[in-house]
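Along the sequence shown, the residues carry numbers beginning at 1. The basis for the numbers below is simple: all heavy atoms, side chains too, and nothing from hydrogens, waters or symmetry mates.
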Amino acid sequence: MPPETRQSSAWFRKLTRMFVGASSADSSLSIWREVAVALATGTFMALIGALGTQEASLQVRLMFWIGLMFAGTIIGHGVTLLAGRLELFEQRPWVWAALTALLITPPLSVVVWFAVGTAFHRQQTVMSIINHFPAVLIVSLGMTALTVLSQRRPIETHAAAPNMGPAAFLDRLPDKLRGGEIFAVEAEDHYLRLHTSRGQDLILMRLADAVGELEGLEGAQVHRSWWVAKTAIAEASRGNGRATLTLKNGAVAPVSRTYARALRQAGWI
């Protein structure tokens with residue numbers, strides 16, 4: 001299974017565990033992250049008086065929009081639970097997000113229909129529920145997109161499968177570095193500094209492209225400017241709230257908070 005597929009599957013399983021009773025720290029963090037997204041989105045919609053709600057007081061708008069965001073989150077959890085049990089789309093999180101938005105729209109439109117009538121004292125017929133579909137779909141798409149972005153893990157590469165050839169990146173090594181062990185790849189402006197057992201050199205390339213070609217070497221991106229091979233780590237240390245990795249050649253790679261949690265889970269730091 002390709003690394004990207006493993007990453008998407010792990011991400012999807014983590015989401016599903018949230019709704020089947022998991023009590024790990026990661027699940028708790030994910031739940032609080034979704035709460036924060038719902039609260040921030042609801043507050044923003046209330047402040048701008050979105051979709052014609054500016055006629056109401058700020059207090060009413062806050063109760064209305066934040067309540068709807070949480071209702072959408074709860075309904076979305078139910079959809080995720082169903083999709084998780086059916087093992088649907090676990091390798092395609094954006095397809096899952098679009099499907100979730102579509103499935104959320106009908107029940108959430110009923111909630112909106114009821115909330116609008118209650119909060120704004122509007123006379124509505126049962127058929128007017130359909131009128132709320134377009135606006136609810138747009139908001140649902142935005143919410144599920146934010147959820148996907150907030151849950152995605154940082155880019156990682158992993159050891160090659162038995163039937164997999166050497167990493168494509170090895171072909172980019174300058175002649176003087178050929179045959180050496182790759183310790184790390186460090187971004188410097190438009191160039192990459194290659195840290196190897198045979199010394200260092202620069203090549204013209206983007207780190208994002210290099211990470212893709214490093215598939216087959218066990219390592220991970222630890223900072224926006226660093227990819228590090230696991231076998232190259234001589235020491236991992238933490239201080240002042242930041243972690244660093246000291247490599248075999250003496251180079252020190254910083255670990256940013258974006259990647260720290262995934263690296264702790266993998267036992268790097």
Query raised in the report: If only atom types and distance count, is the side chain of Arg198 paired as donor or acceptor with the main-chain N or O of Arg178 below 3.5 Å?
Result: yes
Query raised in the report: Do the side chains of Phe169 and Leu194 get nearer than 4.5 Å, heavy atoms only?
Result: yes
Query raised in the report: Is there a side-chain contact between Lys248 and Ile233, using heavy atoms and a 4.5 Å cut-off?
Result: no
Report summary line: Closest non-hydrogen atoms of His223 and Pro254, given as atom of the first, atom of the second and distance, are CB-O, 3.3 Å
Report task. Look up atom CD1 in Ile104 and atom CG in Leu137, then write down how far apart they are to the nearest 0.5 Å. Result -> 10.0 Å
Query raised in the report: Where is the tightest heavy-atom contact between Leu214 and Trp227, given as atom of each residue plus distance?
Result: CD1-CD2, 3.4 Å
Query raised in the report: Heavy-atom distance under 4.5 Å between the side chains of Val255 and Val228, does that happen here?
Result: no
Requested in this report: Taking all heavy atoms of Ala101 and all of Thr105, pick out the closest pair and write down the distance.
Outcome: O-OG1, 2.7 Å
Query raised in the report: Can you hop from Ile66 to Val35 via hydrophobic side chains spaced under 4.5 Å?
Result: yes
Exercise answer: donor-acceptor pairs, residues 38-54 side-chain atoms, under 3.5 Å, sequence neighbours excluded:
from, atom 1, to, atom 2, distance (Å)
Thr41, OG1, Val37, O, 2.7
Thr43, OG1, Leu39, O, 2.8
Thr53, OG1, Ala50, N, 3.4
Thr53, OG1, Ala50, O, 2.7
Thr53, OG1, Trp65, NE1, 3.1

Requested in this report: Report the C-alpha distance between Ile182 and Leu173 in whole Å, list the side-chain angles of each, state the deciding distance to 0.1 Å, and finish with yes or no for side-chain contact (heavy atoms from CB on, under 4.5 Å).
Outcome: CA-CA 9 Å; Ile182 296 180; Leu173 294 180; 4.2 Å; yes
**Report entry** Distance, nearest 0.5 Å, that separates NE2 of His195 from CD of Glu181
**Finding:** 13.5 Å
Query raised in the report: In Å, rounded to the nearest 0.5 Å, how long is the span from OG1 of Thr118 to CE of Met63?
Result: 10.5 Å
Query raised in the report: Would one find more than 12 heavy atoms of other residues, nucleotides or ligands at under 6.0 Å from atom CZ of Phe70?
Result: yes
Query - Residues Leu245, Trp226; criterion side-chain contact (heavy atoms from CB on, under 4.5 Å); working and verdict - result: CA-CA 11 Å; Leu245 302 174; Trp226 284 81; over 6 Å; no
Query raised in the report: So if you build clusters from Ile, Leu, Val, Met, Phe, Trp, Tyr with side-chain heavy-atom gaps below 4.5 Å, do Phe183 and Val252 land together?
Result: no
Query - From CA spacing to verdict: side-chain contact (heavy atoms from CB on, under 4.5 Å), Asp201, Lys176 - result: CA-CA 9 Å; Asp201 205 348; Lys176 70 176 185 178; 3.3 Å; yes
Query raised in the report: When rounded to the nearest 0.5 angstrom, what is the spacing between CH2 in Trp113 and CG in Leu108?
Result: 14.0 Å
Query - Non-hydrogen side-chain atoms of Gln200 and Glu186 separated by less than 4.5 Å - result: no
Requested in this report: Using atom types as modelled and distance alone, determine if a side-chain donor or acceptor of Thr196 lies under 3.5 Å from a backbone N or O of Gly199.
Outcome: yes
Query - Common cluster, Phe114/Val110, ILVMFWY with side-chain heavy-atom separation under 4.5 Å - result: yes
Query raised in the report: Any chain of hydrophobic side-chain contacts (each under 4.5 Å) joining Leu170 to Val185?
Result: yes
Report task. Would you check if the side chain of Asn249 reaches a backbone N or O of Ala251 as a donor-acceptor pair within less than 3.5 Å? Result -> yes
Query raised in the report: In terms of heavy-atom contacts, does CD of Gln59 have more than 12 from other residues, nucleotides or ligands at under 6.0 Å?
Result: no
Query raised in the report: Got Arg257 and Arg242 here, is their nearest side-chain heavy-atom distance under 4.5 Å?
Result: yes
Query - In one Ile/Leu/Val/Met/Phe/Trp/Tyr side-chain cluster, 4.5 Å: Val60, Val139 - result: yes
Query raised in the report: Can you tell me how far CD1 of Ile75 sits from CG of Leu103, rounded to the nearest 0.5 angstrom?
Result: 11.0 Å
Query - Asp209 side, atom CG; Arg172 side, atom CZ - distance, nearest 0.5 Å - result: 7.5 Å
Query raised in the report: Within the side chain of Arg238, is there an N or O that forms a donor-acceptor pair under 3.5 Å with the backbone of Ala243?
Result: no
Query raised in the report: Taking the side chain as C-beta and beyond, is there a heavy-atom pair between Phe64 and Leu68 under 4.5 Å?
Result: yes
Query raised in the report: What do the steps show when you test Gln221 against Tyr259 for side-chain contact (heavy atoms from CB on, under 4.5 Å), and what is the final call?
Result: CA-CA 7 Å; Gln221 189 168 354; Tyr259 302 94; 3.4 Å; yes
Query - Heavy-atom check, side chain of Ile203 versus side chain of Pro174, under 4.5 Å - result: yes
Query raised in the report: Are Pro106 and Phe133 side-chain neighbours, meaning at least one heavy-atom pair lies under 4.5 Å?
Result: yes
**Report entry** Heavy-atom pair of closest approach, residues Leu207 and Ser225
**Finding:** CD2-C, 3.6 Å
